[in-house]
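Okay, structure first, notes after.
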Amino acid sequence: REPLSRYFSAYYDRKRSKELNKIERSYYELFPTANKLAEALSHKDNEIKFKAIEAMEKIELVNHKLEYWFSIDFLKKQKPYFIFEQEKLEEDFIKFCRLIKLNKKINFYVRNKNLDKPESNNLSHLAISNLKKYLKNDFQIYNYLTNNKKNINPNNWFNLYLLKLFLQRL
């Protein structure tokens, strides 16, 4: 998922959660919108800047970075079976099903509740710039995957065949 989109979703999904801990609640009080938190990453007041970085690391979901799951080196050595982009999920899923010859009718519905919130659609230039710096490795991984998607998806026939066999056993 594109890192800015993932950040939005994680911020607001967690904010709506009924399981917020005391620390997370304090960060949401200090940074009530995703934009305010992102802007604070470069605040002139070092205490606010430190709190913003701490919030990015302590708020569940917000703190889940792509780089914690894999690196570009790992992806080069362990090529994915198939790359699904969140932004093209239905299209990718249909292509995937065709490749593995899975002929089942599946109703597909994706809706991001967070995009319905006006405050979640607006990031200032400062917030975007800060997030691009903070999530630099995630952007590199995301760009690597999307740039190599065409090379990985259609050329991994043997792996897709193995995956199909695995899925048939389920």
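The structure presented is a predicted model; accordingly, all values stated were derived computationally and were not measured.
- Remark: the backbone N or O of Glu19 is paired with a side-chain donor or acceptor of Arg14 at under 3.5 angstrom.
- The salt bridge (Lys or Arg N to Asp or Glu O under 4.0 Å) check on Lys88 picks up Glu85, with sequence neighbours excluded.
- Seen from the ring of Tyr134, Lys65 counts as a face-on cation partner, given the 6.0 Å and 45° thresholds.
- When side chains are defined from C-beta on, Asn21 does not count as touching Arg25, because their heavy atoms never get closer than 4.5 Å.
- Linking ILVMFWY side-chain heavy atoms closer than 4.5 Å, directly or via other members, places Leu126 and Leu4 in two distinct hydrophobic clusters.
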Problem set entry | Candidate pair Thr33 and Tyr12, rule side chain to side chain contact (heavy atoms under 4.5 Å, CB included), full reasoning | CA-CA 8 Å; Thr33 67; Tyr12 288 105; 3.7 Å; yes
For this session: Any chance you could lay out the side chain to side chain contact (heavy atoms under 4.5 Å, CB included) test for Ile83 and Asp92, step after step, and finish with the verdict?
Result: CA-CA 8 Å; Ile83 296 173; Asp92 286 346; 5.8 Å; no
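- Relative ring orientation between Phe84 and Phe93 is described as tilted, the plane-to-plane angle lying within the 30° to 60° band.
- Between atom OG of residue Ser17 and atom CD1 of residue Ile59 there is a gap of 11.5 Å, rounded to the nearest 0.5 Å.
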Can you list, pair by pair, the side-chain donor-acceptor contacts under 3.5 Å of residues 136-144, counting residues two or more places apart and other chains?
| residue | atom | partner | partner atom | Å |
| --- | --- | --- | --- | --- |
| Asn137 | ND2 | Glu67 | OE1 | 2.7 |
| Asp138 | OD1 | Leu66 | N | 3.1 |
| Asp138 | OD1 | Glu67 | N | 3.0 |
| Asp138 | OD2 | Arg6 | NH2 | 2.3 |
| Asp138 | OD2 | Leu66 | N | 2.9 |
| Asn143 | ND2 | Phe139 | O | 3.1 |

Exercise. After noting the C-alpha distance and the side-chain angles of Leu37 and Met56, does the key distance pass the side chain to side chain contact (heavy atoms under 4.5 Å, CB included) rule?
Worked result: CA-CA 8 Å; Leu37 174 55; Met56 294 290 284; 3.7 Å; yes
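- In this structure, Lys132 and Pro3 have side chains that are not in contact, with every pair of non-hydrogen atoms separated by 4.5 Å or more.
- Atom CD of Glu2 is separated from atom OG of Ser9 by 12.0 Å, given to the nearest 0.5 angstrom.
- The number of heavy-atom neighbours closer than 6.0 Å to CZ of Phe70, taken from other residues, nucleotides and ligands shown, is above 12.
- Looking only at distances, a side-chain donor or acceptor of Lys15 sits under 3.5 Å from a matching main-chain atom of Pro32.
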Exercise. After noting the C-alpha distance and the side-chain angles of Leu61 and Tyr7, does the key distance pass the side chain to side chain contact (heavy atoms under 4.5 Å, CB included) rule?
Worked result: CA-CA 8 Å; Leu61 300 178; Tyr7 166 75; over 6 Å; no
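- Looking at residues two or more places apart in sequence or on another chain, you find a ring-ring contact (aromatic ring centres under 6.0 Å, His included) between Tyr11 and Tyr28.
- Here side chain to side chain donor-acceptor pair (under 3.5 Å) pairs that include residues 45-57, with residues two or more places apart or in two chains, are Tyr27-Glu54.
- Scanning all heavy atoms of the two residues, the minimum distance from Glu60 to Glu24 falls at N-OE2, 2.8 Å.
- The two atoms that bring Asn35 and Ala127 nearest to each other are OD1-CB, 3.2 Å, heavy atoms only.
- Transitive grouping of hydrophobic side chains (ILVMFWY, heavy atoms separated by less than 4.5 Å) brings Ile128 and Phe8 into a common cluster.
- Checked by atom type, the side-chain pair Gln86/Ser5 shows no donor-acceptor distance below 3.5 Å.
- Take Lys95 and apply the side chain to side chain donor-acceptor pair (under 3.5 Å) test, not counting sequence neighbours, and it matches Glu91.
- Atom CD1 of Ile72 sits about 6.5 Å away from atom NZ of Lys76, to the nearest 0.5 Å.
- Every residue two or more places apart in sequence or in another chain that forms a side chain to side chain donor-acceptor pair (under 3.5 Å) with Ser42 is listed here: Asn130.
- Taking every heavy atom of both residues into account, Ala10 and Val62 meet most closely at CB-N, 3.6 Å.
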